[in-house]
Number of protein chains: 2
Amino acid sequence: MSVKTVLIVDDEPAIREMIAVALEMADYECLEAADAREAHALIIDRQPDIILLDWMLPGTSGIELARRLKKEETTANIPIIMLTAKVEEDNKIRGLEVGADDYITKPFSPRELVARLKAVLRRATPPGIDAPIEVDGLTLDPSSHRVTANDSFLSVGPTEYRLLQFFMTHQERVYTRSQLLDQVWGGNVYVEERTVDVHIRRLRKALGARHDHLIQTVRGAGYRFSTQPA
Amino acid sequence: MSVKTVLIVDDEPAIREMIAVALEMADYECLEAADAREAHALIIDRQPDIILLDWMLPGTSGIELARRLKKEETTANIPIIMLTAKVEEDNKIRGLEVGADDYITKPFSPRELVARLKAVLRRATPPGIDAPIEVDGLTLDPSSHRVTANDSFLSVGPTEYRLLQFFMTHQERVYTRSQLLDQVWGGNVYVEERTVDVHIRRLRKALGARHDHLIQTVRGAGYRFSTQPA
DNA sequence: AAAGTCTGTCACATGTTTGTAACACTGGGG
DNA sequence: CCCCAGTGTTACAAACATGTGACAGACTTT
């Protein structure tokens, strides 16, 4: 899961600040804009995953910006959450008609904000319909999160599962420990490269004698998942 | 497929109008009522196939009407979709407890409304979907709202019932806590993810040793309902 | 009003997973 | 045959995820 980028559009610096703090604590990356022009530039430039848009903006209003964004093909599928101090329901309806995906009335708790944001992002990324991957009697099924070897279930830990999933979707190619750390652990963690060895070992053990040869050591280079003999 | 008749109950003429337009474009026949009395008369008289019921009504509240309708035998099986402007999600739960079949928070898009309406009708019409689900001696019967384990009734709370129903209709697949909150609690509720754990625990306890293994923990991922061993 | 139910949250218990270090082994070059 | 860099293997404490019991507040029923 990569870190999501949130664009906060509000003319009040204090509010932006408050939101940004809350979001950063929840591991989101924040961009800030004070008006529609600035927002638009950032959208094009940085491609945020979701936009928090204040109803009231100097110049072009928030709702106007939302409408424009939803009209353009390149930005239409970026989810938008409208923020407003207004209580009137009309605004709410108009906001959503314009294509906003959710709506938060100020004042709101940081917790609620984060929860809503999560919900919207979740809905925007529909649950994957990943097909099971099968190799040589070994099956990994993402939807049930299960690994099967000839009809019997294998018990693999979380990291080993991710490792196996990566390998099965990237067969026949060598990956260095460093690359594996990037791809399986996620870019910005600091762990020893030898840690990969240990997890490879654990994965092989979990796979059992019947399949552990699929994970091949390439001396001086890294590891490879291959159906071909080493 | 005959044309379905929809009764719209809302005190705001503008909203009724908006809904009616959307529904008529989707080929539904619309009836409108502004309050509970009017609604009741139309229900007896015209026998709508489904009711869209606003939460806020002058006089008898929407929820009160729903409760009454679900209590009476002649009207109990008319599906009800609750509409509300309230943000508090407690309402959602109470609305569903009363027997509403779905729930939509204003504001909503006409698209969403039609989609939900269709879904509810689909669920309501074929007797098949109302059929009891049986797994390994454990039976959930939506029509009687009961859970049975080998001929003895189990006492499960409302949330646990919904959780179980969701799981039994979505077996063999992992759901994250987040997804479960979406599916079982409802889209924009905001509760801690750990709350899911607690309800899982309660459900397991209610199921008893004989069946609690059906709810499996998938470490680092979520939960799964499965007849296969973990 | 009282007793009971249900829910969400917390604090603590329990159990797993993870990263690391330490040591054992291997294979290929000299 | 010996080196030794590279890899396999094991053990372990810390970090983390989940299980579990208790509790307060909101509602419902008596």
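Values in this document were obtained by computation on a predicted structure and should not be read as measured data. Convention: sequence-line order gives letters A, B, ...; per-chain numbering from 1.
The listed nucleotides are C:dT9, C:dA21, D:dG19; the one nearest the side chain of B:Val198 is C:dT9.
OP1 and OP2 of D:dA17 both lie 4.0 Å or more from every side-chain N or O belonging to B:Arg177. Side-chain N/O atoms of A:Trp185 include one lying less than 4.0 angstrom from OP1 or OP2 on C:dG19. Distances shown here put every side-chain N or O of B:Tyr223 at or beyond 4.0 Å from the OP1 or OP2 atom of D:dA17. Residue B:Thr217 places no side-chain N or O under 4.0 Å from the OP1 or OP2 atom of D:dT18.
In this structure, the NE2 atom of A:His199 is 16 Å from the C1' atom of D:dT7, given to the nearest Å. Rounded to whole angstrom, the span from the CG atom of A:Asp197 across to the C1' atom of C:dT26 amounts to 14 Å. The CG atom of A:Leu163 sits 11 Å away from the P atom of C:dG19 (whole-angstrom rounding). The distance from atom CG of A:Leu207 to atom C1' of D:dG8 is 16 Å, rounded to the nearest whole Å. Put simply, CZ on A:Arg219 is 8 Å from P on C:dG27, counting in whole angstrom units. Atom CG in B:Asp212 sits roughly 12 Å away from atom C1' in D:dG19 (whole-Å rounding). Going from atom CG of A:Leu181 over to atom C1' of C:dT20 covers 13 Å, rounded to whole Å. Atom pair A:Glu193:CD and C:dT20:P shows a separation of 11 Å (rounding to whole Å applied).
Classification of A:Arg177 and A:Glu192 as a salt-bridged pair fails, no side-chain N sitting under 4.0 Å from a carboxylate O.
Mapping A:Gly157 and A:Glu192 onto DNA chain C by nearest heavy atom places A:Gly157 at the nucleotide closer to the 5' end. When each of A:Arg202 and A:Val218 is assigned the nucleotide of DNA chain D bearing its nearest heavy atom, the one mapping closer to the 5' terminus is A:Val218.
Here NE2 of B:His199 is found 13.5 Å from CD1 of B:Ile215. Values are rounded to the nearest 0.5 Å. The CD1 atom of B:Ile80 sits 7.0 Å away from the CD1 atom of B:Ile43 when rounded to the nearest 0.5 Å.
Counting any heavy atom pair closer than 4.0 Å across all strands shown, A:Arg194 reaches a base atom. Across all strands shown, B:Thr195 has heavy atoms under 4.0 Å from base atoms, whether or not it also approaches the sugar-phosphate. A:Glu160 comes within contact range of the sugar-phosphate backbone alone, with a heavy-atom separation under 4.0 Å but no base atom that close.
For A:His145 and A:Tyr161, the distance between ring centers is under 6.0 angstrom.
The aromatic rings of A:Tyr175 and A:Phe166 stand perpendicular to each other, their planes meeting at an angle above 60°, with 30° marking the opposite boundary.
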